[in-house]
Amino acid sequence: MQYWLMKSEPDEVSIDDVMASPNRTTAWFGVRNYQARNFMRDAMRDGDGVLFYHSSCAQPGIAGLARIVGQPYPDASQFDPASHYFDPKATPEQPRWISIDVQGTHKTRLLPLAELRSIPELADMVLLQKGSRLSITPVTPDQWRYIEALLTGAA
DNA sequence: GCCAACGTTGGC
DNA sequence: GCCAACGTTGGC
């Protein structure tokens, strides 16, 4: 069991959008960074925990909890010339980019980035390191437990 | 809108 | 393989 933080622009897909989806599940597509892709392809497992993060918005921060569902599969948008995420170098025989399904479990209060930065126990989060921009970053079990308890009141 | 930081591309 | 130029991310 591993844990991840996944960034989404709420204008594109917000925690409310995820919770309103069938089965509260949505395809995570449009990742166009190799390091983030490799996490999806090589490390994510069915059931992994996800911190759902709102980025590039007025109130950046963690907005909910989710989990990984199933296995990765080719991202359909890479083959679609009309898509913003079209990649002319990708073919169905040799896909470059992948999707994975994410199921919302809780919408939480917004845990703002500034508050995350103020918590000593979370100082080592990859998200908070200088220059960190990756849209998918690993979260340690300790970091997960701390944030889960903070947001859900769970022990 | 600004800009720092990082990633990708492509000529050589 | 180097590296300059360019593009993107994302907080502020």
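Each chain gets a letter, A, B and so on, in the order its sequence line appears, and its residues count up from 1.
Note: Phe29(A) and Tyr85(A) have perpendicular aromatic rings, judged against thresholds of 30 and 60 degrees for the angle between ring planes.
Atom CZ in Arg32(A) sits about 12 Å away from atom P in dT9(B), given to the nearest Å. Here dT9(C) presents its C1' atom at 17 Å from OH of Tyr34(A), a figure rounded to the nearest Å. Whole-Å rounding puts the Lys130(A) NZ to dC6(B) C1' distance at 12 Å. If you take CZ of Arg96(A) and C1' of dG7(B), they are 13 Å apart, rounded to a whole angstrom.
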Which donor-acceptor pairs under 3.5 Å do side chains of residues 54-67 of chain A form with protein atoms, sequence neighbours excluded?
{"from": "His54(A)", "atom 1": "NE2", "to": "Ile15(A)", "atom 2": "N", "distance (Å)": "3.1"}
{"from": "Arg67(A)", "atom 1": "NH1", "to": "Gln103(A)", "atom 2": "OE1", "distance (Å)": "2.8"}

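Taking the ring-ring contact (aromatic ring centres under 6.0 Å, His included) definition, one finds that Phe79(A) meets it with nothing, sequence neighbours left out. Qualifying salt bridge (Lys or Arg N to Asp or Glu O under 4.0 Å) partners for Arg133(A), counting only residues two or more places apart in sequence or in other chains: none. Among residues two or more places apart in sequence or in another chain, the salt bridge (Lys or Arg N to Asp or Glu O under 4.0 Å) test is passed with Glu9(A) by none.
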Table of protein N/O atoms under 3.5 Å from nucleotides 10-12 of chain C N/O atoms:
{"from": "dG10(C)", "atom 1": "OP1", "to": "Lys7(A)", "atom 2": "NZ", "distance (Å)": "2.7"}
{"from": "dG10(C)", "atom 1": "OP1", "to": "Arg133(A)", "atom 2": "O", "distance (Å)": "2.5"}
{"from": "dG11(C)", "atom 1": "OP1", "to": "Tyr53(A)", "atom 2": "OH", "distance (Å)": "2.9"}
{"from": "dG11(C)", "atom 1": "OP2", "to": "Ser56(A)", "atom 2": "N", "distance (Å)": "3.0"}

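The list of side chain to side chain donor-acceptor pair (under 3.5 Å) pairs with a residue in residues 104-119 of chain A, not counting sequence neighbours, reads Asp16(A)-Lys107(A), Arg109(A)-Glu115(A).
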